Asks: 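Below: one structure in C-alpha cells.
In the text below, chain A, chain B and the rest are named by the order of the sequence lines, each starting its count at 1. Model, not experiment: these values are computed from the prediction. Every heavy atom of this structure was used, including side-chain atoms; hydrogens, water molecules and symmetry mates were not.
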Protein chains: 2
Amino acid sequence: MSQTMTSADLRARNLVRLLRAVHDAAAPFTRAEAARLLGIGRNTAAALVAELEQARLLHEVPAEAGGRGRPTTMLVPHPEGPLAFAVDFREDTWTLASVELGGAATELEGGEHDRTPRVFAEIRAAVARHETDRLAVLGFATSGPIRDGHRLHISHLGWDEVELGGLIGADWPTTVIDNDARLAGLAEARRGALRGRGTAMHFHIDFDIGGTLLIGGDAQRGAHNIAGEFGHMPLTGSALECMCGVRGCWSLDVGANALVRRFGARPGYGEGRELAREILRRAENGDTEAADALDANAAALGRGLGALANALDPEAISLSGLGVDLIRLRREVIEAHCAEGLMAFRRTDPPRIVAGTVGEAGPLTGAAEIAWDAILTEEWVRRRLQDA
Amino acid sequence: MSQTMTSADLRARNLVRLLRAVHDAAAPFTRAEAARLLGIGRNTAAALVAELEQARLLHEVPAEAGGRGRPTTMLVPHPEGPLAFAVDFREDTWTLASVELGGAATELEGGEHDRTPRVFAEIRAAVARHETDRLAVLGFATSGPIRDGHRLHISHLGWDEVELGGLIGADWPTTVIDNDARLAGLAEARRGALRGRGTAMHFHIDFDIGGTLLIGGDAQRGAHNIAGEFGHMPLTGSALECMCGVRGCWSLDVGANALVRRFGARPGYGEGRELAREILRRAENGDTEAADALDANAAALGRGLGALANALDPEAISLSGLGVDLIRLRREVIEAHCAEGLMAFRRTDPPRIVAGTVGEAGPLTGAAEIAWDAILTEEWVRRRLQDA
DNA sequence: CTGTTATGTTCTCACTGAGAACAAAAACTT
DNA sequence: AAGTTTTTGTTCTCAGTGAGAACATAACAG
C-alpha cells in the first residue's frame, strides 16, 4: 500500500497540493483562485497559506485590484524560501543555476571541462561557492543513460558505467539525476510545447537521438532507469553497424552523424558538429547535395516517428536540437514520411510534430523539475513545518 | 487538480484502499493483517470492515486458528456483493463470465457469431438472461483498436470504425471496453507473469502482434486509446506491404501469417490458423522446413523485442498466443536475437522473456480488471454506502 | 452616497483516525 | 490443570481537519 491516510496527512496533502499548484501554474494566482482551484473553502485556503507563509514556502503579495470585490493577494514563492540547484552537464561544458518554486531560474556559473569525471569536482566547487541556507535540493542533467539512477554510461566520452555515488557531493541535500534527453522532454511536458498533453513524446536530435515517453506530465524511466534509447531501434532499415553495438539503428540515418557521413566525414563529436551546421547552412542556400542530405535526414526522422506513433499513440511529438532545424526546413518531408509509416486508419489524425519551446534550456529546466519533484512531498513539507 | 480532500473523503479513500487490497491480494487475508497492510489501527480496520459488510461489499468468515492469539476473521467478497460481467469477444466466438471481487470468475455462456456487429445483440441477450441485481459493471474485450474508447476498428472483419455506443446495452450499468492484447497484458500484470513488475511489456502473438506497455500495473492507452500496435513498427526490415497500409511491419515476420506465408498459403484468419498449428507440429516432429520457418519467426521476434527493450527498458516481457509456443520451442533463438538487438551495455541484464501464465483467459481476465477498476472508486463506494 | 460583489475572518460542527486501556480467546508452559 | 503469553477485538477519549454559515471588509458601479 502506498500512503497511509490519517487526518493529519490530510493537511499535509492539501499543503502539497497548494504548493504544487503554485509551482505548476503558468501564471501566478490569488488566494481566492487557489481555493477554487483546489476545491476547498476560503477559510481552509487561508489556513494553508498561513502555514506555508510561516514555513517560508509561500509569500502573499497584494494583488492589483481587478474588478469588484475585496482585494486579495497573489501567491508567490517566498523570497527566503528553498531553492533548487540545477546542473546541466554536457559533453564539454556545464552550467549551474538556481531555481525557485515556480521555475524561475538564475544562472550562477558555468564552465568547460576536460571530458573526464574530474569535472564533478569542479561542479562541487561551484556548488560550494554558491551554497546558501536556502539550498534544498539538487538536480543533475547529464548526457548518457544512468543505470539504476547512479551508474553513468557515456560511450562517446569513454565513460563506462561511472559510479556517481562518489562524484556528487556527500554533504549535499537530496540530489537527483537523470539524462538530458529525458529531462528536455520533461521540461517540454511541464513548461513547454507538450504542456497539458496526456501522452506525448519528445526527441532530442544531436549526433544521436534520445527521447522519452511522457505520460501525464511524467517522463517514463523504465525498469532500470535506462528507457528512452529510441534512436537504437532499427526503424529505417540501415545496414550499418552502430556505435552502440547494434546493426541498423535509427540514429544512423537521423541526426548530425547521418548528415556528416554523407560528406565523407567520420561521425564524431568534435568538428562533426561544425560540419553539420555548415551543411544546414549550405542546404538553406540551395546547395543540392546538402539539401539531399537534409531531405534524407528528415525522411528517416518522419518514418521513425510514424512507427513510434503506431506503437505509443502520442498526441504530440516535440523535437529539440537538430530537430528544430529539421522542422523549420523540412516539415513537409517529415510529415509525409511520418504519414507513410502510420497505419492507414491513423492517418486522419496524425500526432502533431512541433518544435520544443524550452529550447537549449531543456535539460536544465528538466533537472530543476525533478529536483522540485523530490521535495514537493508530504514528508518534506511536514518536516519543514515542524522545523519552522 | 485531481481530487479534493475533505475529512469525509478520508473515510472513502480508506474504504477503497481496503477493497482494492482484497481485490488485488494473491491470497485472502485477515482483518488484523489488513490493518497492518493499510497502516491503520485495529479499531479503524474494524470500523471500515463493518461499513463494507453492511454495504455487502466484504464478508467476514472465521479464520482457522494459525498460532497464538485471539482468532480473527478472513476478509472475503460478500456472497451477495456486486458482480462484474466480463465479455471476451473474439473473431468468431464470444464468452460471457461473471467475476466477483478478487477475480474469481464463473463462465456464464458463450457462442459463435457471424462476424458482423449483429453479434452484439446476441451478447446483449445473453447478458439479459443472466442479469441480476448484483450486476454492477461490465467489461468488454474485443480484438482491434478502439479509438477514443468507442470506435472499434477490426480490419480483418471489415469493421471500419464501428460506433459502439449503439451496440452495447443502453440499460447497462457502467460499461468499459478495450482491446484483447492490451487486456491480456493487463491480466498478466495484475494476476500473472508480470505481477509486481514496475515496467513490463506484453505481446499477444496471433496472426498479428498486439501488445501493451505496462507501468505500475497499468496498461498504457495512448492519447486516443490506440496505443499498442507494436507489430506495425518496421523492426525486422521486411520489404512486404502490410494489411495495415505500411511497408515492413514487424508482424510480417512474426506470428501465424509469417509462418503460413512460407508455405505458400495466403495470410488469412480461417484455415490459416489450422496451417499454423500444423507447422508447429511438423517442426516439433523434425520437419526441417517447418523448423526453419519457426526459427525465422523466433529470430524476428527476438530482434524486435531487443529493439523495444532499448527504447522502453522493461523488466520483463511476457508473451501469449503463439508466443507461448515460440518460447517453449525456440527460447534460445529468441534470446540470442534479442541480445543482438540490445545495445551492448544492456546485454548483461536483458529483460526476462516469459510465457504468460493467465493464458487463454487473458482478455477475459483483463476485461474483468478494467470493470472492477471502474467501480473501485471513492465515488462509487460512497454511493453504495449511502444506498445501503 | 448607496448598493453590489468578491473576498477575508470567525465560529461551530460533524467526522476521522490515533492511541490507550481493557477484554477475549487461543496456544504455550510448567 | 492452571497460569502465562500472545494476538486480536472493543471501547472510550482526544486532537485535528475541512465544511458551512454568518458576518466583516474593501473595492467598484451607478
Side-chain angles (χ1 to χ4, degrees), chain A residues 1-18 21 28-55 58-75 378 381-382 385-386, chain B residues 1-18 21 28-55 58-75 378 381-382 385-386:
Chain A
M1 281 287 110
S2 38
Q3 68 276 22
T4 104
M5 283 303 309
T6 127
S7 67
D9 297 322
L10 195 53
R11 173 57 65 98
R13 167 163 307 219
N14 278 331
L15 290 167
V16 170
R17 285 212 302 152
L18 178 51
F29 50 80
T30 69
R31 209 172 78 181
E33 285 166 344
R36 281 190 292 270
L37 191 64
L38 300 191
I40 59 181
R42 297 193 299 272
N43 49 357
T44 307
L48 295 176
V49 170
E51 270 189 89
L52 292 173
E53 175 90 54
Q54 213 207 334
L58 281 190
H59 189 55
E60 291 187 273
V61 298
E64 63 251 33
R68 281 188 177 181
R70 177 170 174 172
T72 178
T73 55
M74 304 294 294
L75 302 181
E378 295 175 30
V381 169
R382 179 176 294 171
L385 292 183
Q386 281 168 1
Chain B
M1 280 291 113
S2 36
Q3 67 274 21
T4 101
M5 283 304 310
T6 126
S7 66
D9 296 322
L10 196 54
R11 173 57 65 98
R13 169 163 307 221
N14 278 331
L15 290 168
V16 169
R17 285 212 302 152
L18 179 51
F29 50 80
T30 69
R31 210 172 78 181
E33 284 166 344
R36 280 191 293 268
L37 192 62
L38 301 191
I40 59 181
R42 294 193 301 271
N43 49 356
T44 307
L48 295 175
V49 169
E51 271 189 90
L52 292 173
E53 175 92 52
Q54 213 206 334
L58 281 189
H59 188 56
E60 293 186 274
V61 298
E64 63 249 33
R68 279 190 178 180
R70 178 169 171 171
T72 178
T73 55
M74 305 294 295
L75 302 181
E378 295 176 27
V381 168
R382 180 177 291 174
L385 292 183
Q386 282 168 0

Asks: Rounded to whole angstrom units, what separation is found between the CG atom of B:Leu75 and the C1' atom of D:dG9?
Replies: 13 Å

Asks: Provide, to the nearest angstrom, the distance between the CG atom belonging to A:Leu10 and the P atom belonging to D:dA15.
Replies: 18 Å

Asks: Looking at the side chain of A:Ala32, which of D:dA26, C:dG8, C:dA26 is the nearest nucleotide?
Replies: C:dG8

Asks: Starting from the 5' end of DNA chain D, give me the residue, B:Gly69 or A:Arg68, whose nearest nucleotide shows up first.
Replies: B:Gly69

Asks: Starting at CG of A:Leu38 and ending at C1' of D:dA19, how long is that distance when rounded to a whole Å?
Replies: 15 Å

Asks: Within the structure, does a side-chain N or O atom of B:Arg13 lie under 4.0 Å from either OP1 or OP2 of C:dT16?
Replies: no

Asks: Just how far, in rounded Å, is P of D:dT8 from CE of B:Met74?
Replies: 12 Å

Asks: Is B:Asn14 close to B:Arg17 at the side-chain level, that is, under 4.5 Å between some pair of heavy atoms?
Replies: yes

Asks: Find out whether B:Glu53 and B:His59 are in side-chain contact, i.e. whether some heavy atom of one side chain is under 4.5 Å from a heavy atom of the other.
Replies: yes

Asks: So, does B:Thr72 get its side chain near the phosphate of D:dT7, meaning an N or O under 4.0 Å from OP1 or OP2?
Replies: no

Asks: Send over the distance from B:Arg42 CZ to D:dC12 C1', rounded to a whole Å.
Replies: 15 Å

Asks: Quick one, which residues of residues 44-52 of chain B touch DNA chain C with a heavy atom under 4.0 Å?
Replies: B:Thr44

Asks: Quick one, B:Leu18 and B:Leu75 - any side-chain contact, counting heavy atoms below 4.5 Å?
Replies: yes

Asks: Starting from P on C:dT7, measure out to CZ on A:Arg70 and report it in whole angstrom.
Replies: 11 Å

Asks: How many angstroms lie between atom CZ of B:Arg36 and atom CZ of B:Arg42, to the nearest 0.5 angstrom?
Replies: 9.5 Å

Asks: Is there a side-chain contact between B:Leu15 and B:Arg382 in this structure, where contact means two heavy atoms from C-beta onward sitting under 4.5 Å apart?
Replies: no

Asks: Going by modelled atom types, is there a donor-acceptor pair between the base of C:dG8 and the side chain of A:Asn43 at under 3.5 Å?
Replies: no

Asks: Is the distance from OP1 or OP2 of D:dG18 to the nearest side-chain N or O of A:Arg11 less than 4.0 Å?
Replies: yes

Asks: How many whole angstroms separate atom CD1 of B:Ile40 from atom C1' of D:dT8?
Replies: 14 Å

Asks: Strictly below 4.0 Å: does B:Arg31 bring a side-chain N or O up to OP1 or OP2 of D:dT8?
Replies: no

Asks: Report the C-alpha separation of B:Leu48 and B:Ile40 in whole Å, then their side-chain angles, then the decisive distance to 0.1 Å, and conclude whether the side chain to side chain contact (heavy atoms under 4.5 Å, CB included) test is met.
Replies: CA-CA 10 Å; B:Leu48 295 175; B:Ile40 59 181; 3.6 Å; yes

Asks: With sequence neighbours excluded, tell me which residues meet salt bridge (Lys or Arg N to Asp or Glu O under 4.0 Å) with A:Glu51.
Replies: A:Arg11

Asks: Tell me: CG of A:Asp9 to P of C:dT16, nearest whole Å?
Replies: 16 Å

